[in-house]
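Here's the structure we're looking at; comments come further down.
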Amino acid sequence: MKKSIIAVLAVSAISTLGSSAAFAHEDYSEGGALHWLEHVQARASSPTERELATYGYASNATPSRTVIVNADTRYINVTRLETVALKVGDKTVNWTFDTLGTNSFPLSKVVQGGDKVTVYLEESPLYRSGS
């Protein structure tokens, strides 16, 4: 019985060490001390670049469609979290509209040449509550 408890504790300890190793590394400036806790604390207070991007971000994801913006375009409709290829003039950018809490914004906030165009966002099916 004692051997099985010891085995369980050993496996648990190894699992814990393995998961915390992702945050741990040798820091030679601190005499080789492992300081994974500092990384965890820093992450808790430091949002990622994508989290700071109010209107979404340029993406390598495959776009669901292409939207051509020209002088006659006044608005575009997109779904939150949708990746769209925005073609403005001779330039195209794949943009993921990760905009929680934003219902509309000027396209010029994300691409040059998007003057006088408003982006309207529909809620993603991922965020809709089920009926």
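None of the values given here were measured: they were computed from a predicted structure.
The heavy-atom pair separating Leu121 from Ser104 by the smallest distance is CD1-N, 4.1 Å. Across all non-hydrogen atoms, the minimal contact from Pro63 to Ala85 is CB-N, 3.4 Å.
Tyr120 belongs to a hydrophobic cluster with Tyr75, counting contacts under 4.5 Å between side-chain heavy atoms of Ile, Leu, Val, Met, Phe, Trp and Tyr, direct or through other members.
With hydrogens and angles ignored, the 3.5 Å screen pairs a side-chain donor or acceptor of Trp95 with a backbone N or O of Tyr55. Under a 3.5 Å cut-off, the side chain of Arg80 and the backbone N or O of Thr102 do form a donor-acceptor pair.
From Asn94, atom CG reaches atom OG of Ser64 across 10.0 Å, with rounding to the nearest 0.5 Å.
Listed by chain and number, the residues in a side chain to side chain donor-acceptor pair (under 3.5 Å) with Thr83 are Thr96 (sequence neighbours excluded). For Arg74, there are no side chain to side chain donor-acceptor pair (under 3.5 Å) partners two or more places apart in sequence or in a different chain. Taking Val111 as the reference, Leu86, Val88, Val93, Leu107 meet the side chain to side chain contact (heavy atoms under 4.5 Å, CB included) condition, with sequence neighbours excluded. Residues that satisfy the side chain to side chain donor-acceptor pair (under 3.5 Å) test with Ser108, not counting sequence neighbours, are absent from this structure. In terms of the side chain to side chain donor-acceptor pair (under 3.5 Å) criterion, Asp72 has no residue partners (sequence neighbours excluded).
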Decide yes or no on side-chain contact (heavy atoms from CB on, under 4.5 Å) for Thr99 and Thr54, but give the supporting numbers first. CA-CA 6 Å; Thr99 58; Thr54 305; over 6 Å; no
With side-chain contact (heavy atoms from CB on, under 4.5 Å) as the criterion, how do Thr79 and Phe97 come out once you've worked through the C-alpha distance, each side chain's angles and the decisive distance to 0.1 Å? CA-CA 7 Å; Thr79 301; Phe97 291 90; over 6 Å; no
Output, in order, the C-alpha distance, side-chain angles, deciding distance and verdict of side-chain contact (heavy atoms from CB on, under 4.5 Å) for Arg65 and Val84. CA-CA 5 Å; Arg65 61 194 170 109; Val84 174; 4.3 Å; yes
